[in-house]
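Below you'll find the structure, written out as structure tokens, and then a few comments.
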Amino acid sequence: MKSALLVDFDNVYSQLRQLQPEAAERFARHPSEWIGWLTGSLALPEPHEEGERRRLLVRRCYLNPNWYQAYRYAFLRAGFEIVDCPPVTSQGKTSTDIHMVLDIVDLLQHETRCDEFIVFSADADFTPVLRKLRRYDRRTTVLAIGFPSAAYQASADLLIDERFFLREALGLGRPSAEAANGLNGKTSEVGDLRLAESKPTATEPKTSGSAVASPKAEPAAKVTPRPATPDELSEIAGRLWTTVDESSQPVSAALLASRLRQEHPEIMENWNGLGSFKVFFRSLNLSRLLWLSGSGGRVLDPSRHELEGTLPEQDPESPWWGAEEIFPVVREVCVLTGAPMLAPRDLKFLVKTLVQVLKAQEFKLTLTVQSVSRQCVESEGLRVRPRDVTFLIRGMQMNGHVFGQGADDEATLTTRLFNQILFLCEREQKVLDQTELGHIRNWIDSPAAA
């Protein structure tokens, strides 16, 4: 596949630096390494011929020479053309986006056809360009560090998730499966983590033939109940999250129970001593996942699945109990922005835990996320997905917060998070009225002066 690679260096480097300084330096100083991954390992966007490989006909890096001149020569050695984009305004704004758009238009008209355009930028201004490329029957692959808009994601054929890029392209270690789960949107890499976690061929229910065992085999199948270890409970929690993630509709509790019995027969013989799957499920205290009564019970993520029957905010055992007014607004905002739909008390506790962790140790994104997730379980039994913690911390950073500079208190962090949620809503063209703003503020527990 003939491809053109266009890199908005300022955008990618600055976003990576906020996320992980080491990643920014590796991206900037060793482009040949991630170019090798791009051409040799990253799957091609559909459709493509079997056995086809990516060939980069064009490599262009758009760079502000006033700020990033030190990285220029690494990209030259990697075969890039450098397009200088110095600041054109007193605020430091460059003309990178204009240069990139003009180059894309030129390449569309070139006699040598480029089948794929690879854009390294999270600038939502490129959304119309991606749509134009689609109209001209070109494939688009996008690396968007940070919080790309829903329209930007939907306009790309292949979206490279930042965590996947850090791990696979920059070789910065393999986070836990839960922390790194999945690529965004329509990526051909979806099997990367989800299949590794779920292993469907190993966990599908037995066929009717194998389930009807002979009487002689029954004594061998008898198990002795035992309590689960903390690691086993974490594994089970991840299994439940993954199964619900992979389903387009609420998952039957009976199906989940059956799979867990097959995978952990000794623990699930008496549901870890709790007598029923429903009680066991609630004891795990899994953030985002809710139990809906009726039809034998169903488990869902309210930001992804349609709600039927009893609403979560009307269930006395639900973490959303009593939140009738804010639940529909929070749900709409989370569906729109991709924010994790944590119950108000869970979100409040998570932010408090983050404050405590920041007081005890230096901020480093990966370690801080791990510490917050672990401490939530140890302190309150609350299981929060590392990727949700990452989303919230990154949101605070994207709103201008710099951790470790003395302002890591609860009021400041909730204000940053509140403002970031508002920004994401505005970007998706969602206008919140004063009542809705009040509900979001109550959800985040942000000061009224935010």
Side-chain angles (χ1 to χ4, degrees), residues 1-9 11-13 16 26-63 71-85 96-97 99-123 126 129-145 148 152-153 155-162 164-171 183-192:
M1 181 175 287
K2 299 175 182 178
S3 304
L5 171 62
L6 302 99
V7 178
D8 182 349
F9 182 90
N11 181 280
V12 176
Y13 181 83
L16 279 176
R26 186 165 298 187
F27 168 81
R29 297 192 182 279
H30 305 285
S32 295
E33 294 183 2
W34 53 262
I35 283 289
W37 168 81
L38 193 65
T39 56
S41 299
L42 182 65
L44 300 175
E46 297 290 348
H48 63 269
E49 295 181 4
E50 185 176 355
E52 189 175 12
R53 296 192 61 183
R54 181 180 282 112
R55 183 187 177 201
L56 297 179
L57 302 186
V58 178
R59 304 181 186 186
R60 286 183 187 157
C61 176
Y62 302 82
L63 177 145
Y71 304 114
R72 181 187 194 92
Y73 300 104
F75 278 79
L76 286 173
R77 289 194 298 271
F80 278 83
E81 303 171 54
I82 305 297
V83 180
D84 287 327
C85 301
T96 294
D97 50 356
H99 280 290
M100 292 179 70
V101 169
L102 290 175
D103 284 351
I104 288 172
V105 172
D106 284 345
L107 289 170
L108 275 176
Q109 299 172 347
H110 198 278
E111 60 184 11
T112 301
R113 174 188 171 94
C114 283
D115 303 304
E116 178 193 29
F117 286 77
I118 306 170
V119 178
F120 278 22
S121 177
D123 193 338
F126 288 112
V129 181
L130 298 181
R131 291 171 177 163
K132 182 180 183 68
L133 289 170
R134 178 176 291 169
R135 290 197 297 272
Y136 278 76
D137 191 27
R138 302 305 202 273
R139 311 292 174 264
T140 54
T141 297
V142 170
L143 170 66
I145 308 296
Y152 190 58
Q153 296 181 52
S155 300
D157 294 303
L158 182 68
L159 183 69
I160 307 172
D161 178 74
E162 60 186 31
F164 182 73
F165 183 75
L166 263 64
R167 187 179 70 253
E168 302 296 336
L170 302 183
L183 298 176
N184 284 325
K186 300 166 289 181
T187 66
S188 61
E189 308 295 320
V190 291
D192 165 57

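As the structure is a computational prediction, the values presented were derived from the model and not from experiment.
Annotation for R53 and T39: closest pair NH2-O, 3.7 Å, computed over non-hydrogen atoms. Smallest separation of non-hydrogen atoms from G171 and R26: O-NH1, 3.3 Å. Closest heavy-atom contact between H99 and C85: CD2-SG, 3.7 Å. Considering all non-hydrogen atoms of both residues, L158 and A43 come closest at CD2-O, 3.5 Å. Scanning all heavy atoms of the two residues, the minimum distance from F120 to V12 falls at O-CG2, 3.4 Å. Taking all atoms of both residues into account, the shortest heavy-atom contact from T140 to A156 is OG1-CA, 3.4 Å.
Taken from CG in L130 to CZ in R138, the straight-line distance is 14.0 Å, to the nearest 0.5 Å. For the atom pair I82 CD1 and Y73 OH, the distance stands at 10.0 Å (nearest 0.5 Å). Here the SG atom belonging to C114 is positioned 15.0 Å from the OH atom belonging to Y136, to the nearest 0.5 angstrom.
A 4.5 Å side-chain heavy-atom check between D161 and L159 finds every atom pair outside the cut-off. In this structure the side chain of L42 reaches within 4.5 angstrom of the side chain of T141, judged on heavy atoms. Here the side chains of P45 and E116 are in contact, with some heavy-atom distance below 4.5 Å. Considering only heavy atoms from C-beta on, L133 comes within 4.5 Å of L108 through its side chain.
Side-chain atoms of R54 come within 3.5 Å of backbone N or O of L38 as a donor-acceptor pair. The main-chain N or O of S155 is found under 3.5 Å from a side-chain atom of R134 such that the two form a donor-acceptor pair. Judged purely by atom type and a 3.5 angstrom limit, D115 uses its side chain to pair as donor or acceptor with the backbone of K2. Checked by atom type and distance alone, the side chain of R59 pairs as donor or acceptor with a backbone atom of A78 at under 3.5 Å.
A salt bridge does not link D137 with R135: every distance from a Lys NZ or Arg NE/NH1/NH2 to an Asp or Glu carboxylate oxygen is 4.0 Å or more.
Of the residues T96, N11, D97, D103, the one that meets the side chain to side chain donor-acceptor pair (under 3.5 Å) test with Y62 is D103.
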Chi angles and distances behind the side chain to side chain contact (heavy atoms under 4.5 Å, CB included) call for R72, D84: CA-CA 10 Å; R72 181 187 194 92; D84 287 327; 2.6 Å; yes
Between R139 and L44, is a side chain to side chain contact (heavy atoms under 4.5 Å, CB included) present by the stated rule, with each step listed? CA-CA 9 Å; R139 311 292 174 264; L44 300 175; over 6 Å; no
Run the numbers on L57 and L107 for side chain to side chain contact (heavy atoms under 4.5 Å, CB included), then give the verdict. CA-CA 11 Å; L57 302 186; L107 289 170; over 6 Å; no
Side chain to side chain contact (heavy atoms under 4.5 Å, CB included) evaluation trace for F27 with V7: CA-CA 11 Å; F27 168 81; V7 178; 3.9 Å; yes
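Between F9 and Y71, the angle of the ring planes lies from 30° to 60°, which puts this pair in the tilted group. Using cut-offs of 30° and 60° for the angle between ring planes, the F80 and F75 rings count as perpendicular.
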